[in-house]
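Right, one structure below, let's go through it.
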Amino acid sequence: MSLEFLTFSACYRKIQGCINVQIVNLSPLTMPQRKIIHVDCDCFYAAVEMRDDPSLRDVPLAVGGDGGRGVVTTCNYKARAFGVRSAMPGSEARRLCPGLVTVPPDMARYRAASQQVMAILREMTDLVEPLSLDEAFLDVSDITDHRGSATLMARHLRERVRQEVGITISAGVAPNKFLAKIASDWRKPDGLFVITPEQVSEFVESLPVEKLFGVGQVTAAKLHSMGVKTCGDMQLLGVDTLIEKFGKQGYRLFEMAAGRDERPVIVSRIAKSVSVERTFAQDLPDKTACETVLPALVADLNLRLTRKGRQKPIHKLFVKIRYSDFSTHTLERVRESVAEPVVADYQPLLDELVTRTDRPVRLLGVGVRFRNDEAPVTQLRLFD
Ligand code: TTP
Ligand code: MG
């Protein structure tokens, strides 16, 4: 990885994100303020099912839990109103909600939707850390798009996922991972909640201790027995008492209760491609219209390339098109000599891909794939 073009804070985060090593004791004053977004899809498996079968949209729906011994993997919010929850036996779910409709899980479709969501996130930044199929952290501290506003970025991501994947995500914006994750849950479903650095103290003051990562029923009960219900109470208790009662975890609890969490967003994947795509509010009528928007797409791609990987050698160019009937086609060609792609590089691919010139187009995208023969440089963990 080449670090020479990066600002100090970008270097700091790249290093933290890539090699999982803490830089010695940066004090809060010298520590660059971060902007973290956490996104989590709403009732993910159920949302994909409702997207693909409109008859499931207005009924209480569970995925899994059919038959005698199955458990519910998740359910839509209509079913949650009856008390149905993830990991509940199907029999109990049906007792709570007699009208419950169940469908068997179809992991292939959930994985495909997840890949689409993650690809949209990675268009915003390379610093994406997926936690599961349906949630991820993004470190957007150094992103200048959307006026550098993480709130606007989160809005943009939510809108794109809604339009292009057909499901909703909730997002949280905060100065660190722990708060961003709590924030994404705060306005679920289909919500956005922002905790600015100035709001952190007030937010944690009344935050129930159960919301802290690692505080399960046992720890919560122990804290309650000490009269500690909120993070504010925990701060008053003091770090020494917490360490005395909870050992090493006590220090971590104290830090979280004060709204501090320095864990970096850890990237576990090297970008293999960069692309941009647009879904049009109204379908483009034909190929000529596609050619009209091509220059703007290529300009966007170059902007993104400058930010994300200009130093990596390009191996292939590709064009993606989705027609109004949702059929989607991609064409890629090896073009190793291209340093900075221009419209004329993409025109032949478009000509080859679009043989029927009068079909309405819903989405158009252009991208590059990088050569993959470099030594893997970014993911070494020094002390594993
Ligand atoms: P979650 O994000 O925990 O739940 P969710 O997306 O269904 O609902 P929410 O709106 O509250 O975020 O989990 C993501 C997916 O993981 C979920 O759709 C199904 C699967 N899952 C299981 O298979 N078993 C489980 O116990 C849980 C919690 C989730
Ligand atoms: Mg979810």
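From a predicted model like this one, the values you see are computed outputs, not experimental measurements. Order of appearance sets the numbers: ligands from 1, and atoms from 1 within every ligand.
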Between F178 and F213, is the gap from one ring center to the other below 6.0 Å? no
Should the proximity of M107 to ligand 1, defined as any heavy atom under 4.0 Å, be assigned to the side chain, the backbone, both, or neither? neither
Tell me, with the steps shown, if T241 and E244 meet side chain to side chain donor-acceptor pair (under 3.5 Å). CA-CA 5 Å; T241 312; E244 190 186 306; 5.3 Å; no
Does Y110 have a non-hydrogen atom less than 4.0 Å from ligand 1? no
Ion pair D286/R359, N-O distance below 4.0 Å: no
With atoms numbered from 1 as shown, which atoms in ligand 1 lie under 4.0 angstrom from a non-hydrogen atom of Y77? 9 (P), 10 (O), 11 (O)
Between Y45 and Y110, what is the ring plane arrangement, given parallel below 30°, perpendicular above 60°, and tilted in between? parallel
Nearest heavy atom to atom 8 (O) of ligand 1: which of E49, K188, R80 does it belong to? R80
Assess whether a salt bridge exists between R252 and D261, defined as any Lys/Arg side-chain N lying under 4.0 Å from an Asp/Glu carboxylate O. no
Would you call R333 and E352 a salt bridge, taking side-chain N to carboxylate O under 4.0 Å as the test? yes
Contact check: C41 to the Mg ion (ligand 2), N/O/S below 2.8 Å: yes
Please determine whether any non-hydrogen atom of C43 lies less than 4.0 Å from an atom of ligand 1. yes
With a 4.0 Å cut-off on N to O distance, would you call E291 and K287 a salt bridge? yes
Quick check: of its N, O or S atoms, which one does D134 have closest to the Mg ion (ligand 2)? OD2
Could you check, using the six-membered ring where one of them is a Trp, whether H315 and F370 have ring centers closer than 6.0 angstrom? no
Just need the protein heavy atom nearest to atom 18 (O) of ligand 1, so name the residue and atom and give the distance. Y45 N, 3.0 Å
Hey, does T151 have a side-chain heavy atom less than 4.5 Å from the side chain of L192? yes
Heavy-atom distances under 4.0 Å decide this one: backbone, side chain, both or neither, for A46 against ligand 1? neither
Salt bridge flag under 4.0 Å for residues R158 and D190: yes
R34/E262 salt bridge by N-O under 4.0 Å criterion: no
Among the N, O or S atoms of D40, which one sits nearest to the Mg ion (ligand 2)? OD1
Give the atoms of ligand 1, by number and element, whose distance to some non-hydrogen atom of D42 is under 4.0 Å. 10 (O)
Would you check whether F44 has a nitrogen or oxygen atom less than 3.5 angstrom from a nitrogen or oxygen atom of ligand 1? yes
Does a side-chain heavy-atom distance below 4.5 Å link V140 with M124? yes
Could you check which of S86, S114, C75 puts a non-hydrogen atom nearest to atom 26 (O) of ligand 1? S86
Nearest non-hydrogen protein atom, atom 7 (O) of ligand 1: T74 OG1, 2.5 Å
Could you check atom 1 (P) of ligand 1 against the protein and tell me its nearest heavy-atom contact, residue, atom and distance included? D134 OD2, 4.0 Å
With a 4.0 Å cut-off on heavy atoms, is E135 touching ligand 1? no
Which atoms from ligand 1 have a heavy atom of C41 less than 4.0 Å away? 6 (O), 9 (P), 10 (O), 12 (O)
Per-residue contact class, T73 against ligand 1 - non-hydrogen pairs under 4.0 Å: both
Atom 11 (O) of ligand 1 touched by protein (heavy atom, under 4.0 Å): yes
